[in-house]
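Step one of this worksheet: look at the structure below.
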Amino acid sequence: MENNGNKAYNPREIEPEIYKLWEYSGYFNPDNLPVSKIKNSKIKNFCIIMPPPNANEALHMGHALDFTIQDALIRFNRMQDKKTLWLPGADHAGFETQVVFEKKLEKEGKSRFQFERSTLYKMIWDYVQQNKHIMEEQARSLGASCDWSREKFTLDPKIVEIVYDTFKKLYDDKLIYRGKRIINWCPKHQTGLSDLEVKYEEREDKLWYFKYPLSSGEGFIVVATTRPETMLGDTAVAVNPKDNRYKKLIDQKVKLPLTNREIPIITDSAVELEFGTGAVKVTPAHDPVDFDIADRHKLEFIEVIGKDGKMTNEVPEAYQGLKVDDARAKVVVDLNALGLMEKEEPYKHSVGACYKCGRTIEPLAMEQWFVKIKPLAEKAIEAVKKGKTRFVTKKYEKTFMHWMRNIKDWNISRQIVWGIRIPAWYKNDQIHIGKEPPKEDGWVQDTDVFDTWFSSGQWPFVTLMTSGQNDLKEFYPTSVMVTAWDILFFWVARMIMMGIYCTGKEPFKQVYIHGLLKDKYGKKMSKSKGNVINPLAVVEQRGADALRMSLLFGSEADSDTPISEEKIIAQQRFANKIWNASKFVMNALGPDYKPTKPARGAQSADGWRSAMDGYTKEDKWILKELEKATKKITTDIEKYKFHEAAQEAYHFFWHKFCDKTIEDVKIRIQKNSKDADAGKLVVWTVLYNSLKLLHPFMPFVTEAIYQKLPSRPKELLMIEKWPK
RNA sequence: GGGCAAUUAGCUCAAUGGCAGAGCGUCUGCUUUACACGCAGAAGGCUGUAGGUUCAAUCCCUACAUUGCCCACCA
């Protein structure tokens, strides 16, 4: 067994060849697995739909962890003779991709607004296709044994059609509506965002107290606000109906300063007595709470801030065109000059910001499409309660439930071009839903696209519906969804809701939520912190096996996982150890070694033990240890305790098999003592079984060795039988 | 304002109702023909604090402290 004459294992020379061997074998495709040729109703299926990586940048460590866990599960189940499918894909990732692309344009001194819709779309399309190919090659280099023949993209025409059908179904079921609501507007990216895409930041601001003169000319009512500039769009002042302080002012009018408008004082229970003065200015067009109040009281609606984040022409001339911040300063100065500012005090509160660019979100009232989500959420809650979808671990189930119970309608309109265009057509007051407009003239299509999660929320069934004739029937609901906790709400929750709504069944029986990756100081990895480790560079330098093992080793995956160069080096050494130990064993056995009876398919160490006399005490010990390790690794993987399984495999192979058994048998063979043959059989048996046990974690080196193992029963380790 | 998690060796983390382990690091020997990416061995811990349950607690319970995270329309 040569590795270019080097003593140390060199994965770079081995891994690409091994991947080709697997891929050409066809066994990534479940239809080609031996088990699929058997007509037997007892055959079990196992299916994972890969969370489709965003096709806008290279894979990062998080993907490497995600892929490692999935591939380990896939290989484990495939070796247990299940009809096993891992379906890969890529996500167009609407807003995310457009943001990445806009940054690229900015670097070139361009802006998205210079381009026509179709031109921009085409440019992003080409960019994404390139990235998609890169991603596929990266997945291969990590050893992902997914069925590339079934690969999907979220913009595949057939998938888009299904997404359109879902939209129509929701519309017909009155679970989707178009309406003017307060949305989260990012002035930089010029699009609305869902509540989940808004990050709240604690800020030191001011709370201003302004006197609004009563129209009667007798006195004032004092309101407190953090956003003075919006007062130009006030259409009422509200107090709590139980607030005795203001009883006699109710239904009186106020003369709104800086404008010539009179606005009423109304009561609404949304107003809290304790906050500020207990009187609140109501700006329906720029605050969600005020919007609701206005809805209840049929208040007037004045939009004073535009999509560009500047004051509109609805405000007095002096303020028109000012940026929000400048308008704020000017209002404060002007009210102060009028003697209408009572006081200002420091105030700490949280302000919504765009999760991508950090710009303050501007709540604006816009006509958009919303999913009426409560009915969908109820079904999802029920499914999880009944255990149809189980969370691993339970702690995420609680988080999920809490969010689902408090869920609010979901804005799915995005004012960008990169995505699936909303199949809605308008003519005067009429709305038509469909791929094509009605025949007569004058229909105009909605210019918005779907929130990307609207389509990826349907991923498990749209992929299987379009991948093979029986795939949906055979593999849906899928076995397990593997993903990180940060997209629990964005994605997992929506998949469960949409899956049940569209197919009547939950999309996956289990959901395994793993953590994010941290550096060795416990800090979250991010480009801005400069502490990212590029998985591909690691694969190049130290091998995919080392990377995979180090991602699983020594840390529970349901909490955030630290990864460091040191950890990867440790596993690189382990791969080297496996290589060298195997090299030694095979040299000792010789290329023609045949394990004496039973000659093939030894399934358990126990079987071997009873099959042969002449084992030493040490032989019996290691065979017993092999049995114990097999049991532990098996149950640990079944329980998603990969870190324990990996540690057990590591410890068994290195510190039991190598340190004890091989050292012992080495001497027996050297001395040619009478128990040398028994020793050979033991090392063959333990090596053979160890390769299987390690294969889900370190597929390359184990397969490479298996290919040289004398008397190997199968053509590939990948389709060997998992030991019992 | 609600909720969740963590606190164990120098560092990063496992485990377990009764002996607390690993990787890296440190120290001492070894160029023993598979591997110096190695071998043999060693040091290193009142398992955050205070109570409680128990024959027995690092583990279960209660408080507290510290840290991290998630959710939430306090104008």
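Naming: A, B, ... by sequence-line order, numbering from 1 per chain.
Nucleotide B:U58 forms no Watson-Crick or G-U wobble pair with any nucleotide shown, as no partner meets the under 3.5 Å limit on both distances. Pair check for B:C46 finds none; no Watson-Crick or G-U wobble contact set falls under 3.5 Å. With both pairing distances under 3.5 Å, B:U7 is matched to B:A65 as a Watson-Crick or G-U wobble pair. Across all strands shown, B:C27 is found opposite B:G41 as a Watson-Crick or G-U wobble partner, with both distances under 3.5 Å. Of the nucleotides present, none pairs with B:C35 by Watson-Crick or G-U wobble criteria with both distances under 3.5 Å.
Distance from the side chain of A:Glu644 is smallest for B:A15 among the nucleotides B:C4, B:A15, B:C74. The side chain of A:Lys641 lies closest to B:A15 when the candidates are B:C71, B:A15, B:C4. The listed nucleotides are B:C70, B:A14, B:C24; the one nearest the side chain of A:Gln647 is B:A14. Checked against B:A72, B:C69, B:G23, the side chain of A:Trp485 finds its nearest nucleotide in B:C69. Proximity note for A:Lys408 (side chain, C-beta onward) versus B:A15, B:C73, B:C74: the nearest is B:C73.
Nucleotides B:G3 and B:A75 have their C1' atoms positioned 25 Å apart, rounded to a whole Å. B:U58 and B:G48 have their C1' atoms separated by 11 Å, given to the nearest Å. Across B:G52 and B:U66, the matching C1' atoms stand 23 Å from one another, rounded to whole Å. Going from the C1' atom of B:A22 to that of B:G18 covers 22 Å, rounded to whole Å. Taking atom C1' in both B:U49 and B:C11, one finds a spacing of 24 Å when rounded to whole Å. Distance noted for atom C1' between B:A20 and B:U8: 8 Å (whole Å). For the P atoms, the distance linking B:A15 with B:C70 amounts to 24 Å, nearest Å. Taking atom P on both nucleotides, B:C4 is separated from B:A63 by 12 Å, rounded to a whole Å.
Judged by distance alone, the side chain of A:His514 and the main-chain N or O of A:Ile69 form no donor-acceptor pair under 3.5 Å. Side-chain atoms of A:Arg359 do not come within 3.5 Å of backbone N or O of A:Cys354 as any donor-acceptor pair. The closest donor-acceptor contact from the side chain of A:Lys567 to the backbone of A:Pro562 lies under 3.5 Å.
Taking atom CZ on A:Phe391 and atom C1' on B:C70, their separation rounds to 15 Å, with Å as the unit. Atom CG of A:Asp234 and atom P of B:A75 are 15 Å apart (whole Å). Rounded to whole Å, atom C1' of B:C71 lies 14 Å from atom CD of A:Glu202. Distance NE2 (A:His651) to C1' (B:A15): 13 Å, rounded to an integer number of Å. What separates CG of A:Asp290 from P of B:A75 is a distance of 11 Å, to the nearest Å. Taking atom CG on A:Leu488 and atom C1' on B:A5, their separation rounds to 15 Å, with Å as the unit. Rounded to whole angstrom, the span from the CD atom of A:Glu272 across to the P atom of B:A72 amounts to 17 Å. Distance, A:Lys567 NZ to B:A22 C1': 11 Å, rounded to whole Å.
One finds no side-chain N or O of A:Lys398 lying less than 4.0 angstrom from the OP1 or OP2 phosphate oxygen of B:A5. Residue A:His643 has a polar side-chain atom (N or O) positioned under 4.0 Å from OP1 or OP2 of B:A15. One finds no side-chain N or O of A:Tyr396 lying less than 4.0 angstrom from the OP1 or OP2 phosphate oxygen of B:C70. At the phosphate of B:A75, OP1 or OP2 sits under 4.0 Å from a side-chain N or O atom of A:His349.
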Nucleotide by nucleotide, 5' to 3', does protein get under 4.0 Å of the base (B), only the sugar-phosphate (S), or neither (-) in nucleotides 32-41 of chain B, counting heavy atoms? --BBSBSSS-

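Using cut-offs of 30° and 60° for the angle between ring planes, the A:Phe490 and A:Tyr355 rings count as tilted. Ring orientation note: the planes of A:Tyr640 and A:Phe642 are nearly perpendicular, at an angle over 60° on the 30°/60° scale. A parallel orientation is assigned to the rings of A:Tyr177 and A:Phe370, their planes being inclined by less than 30° (bins at 30° and 60°).
Here the straight-line distance linking atom NZ of A:Lys660 with atom CD of A:Glu618 works out to 11.5 Å at 0.5 Å rounding. One distance of note links OH of A:Tyr512 with CG of A:Asp66; it measures 10.5 Å at 0.5 Å rounding. Once rounded to the nearest 0.5 Å, the distance linking CG of A:Leu249 with CD1 of A:Ile266 reads 13.5 Å.
Results of the salt bridge (charged side-chain N to carboxylate O under 4.0 Å, His left out) test with A:Lys632 over A:Glu644, A:Glu625, A:Glu638 single out A:Glu644 as the only residue that passes.
Residues of residues 220-233 of chain A having a heavy atom closer than 4.0 Å to RNA chain B, listed by number: A:Ala224, A:Thr226.
Heavy-atom nearest nucleotides on RNA chain B were determined for A:Glu274 and for A:Asp195, and the one closer to the 5' end corresponds to A:Asp195. Nearest-nucleotide positions on RNA chain B for A:Ala570 and A:Ser559 put A:Ser559 closer to the 5' end.
Using a 4.0 Å heavy-atom cutoff across all strands shown, A:Lys394 reaches no nucleic acid atom at all.
Between A:Phe657 and A:Phe653, the ring center distance clears the sub-6.0 Å criterion.
You'll find the side chain of A:Leu488 reaches within 4.5 Å of the side chain of A:Ile513, heavy atoms only.
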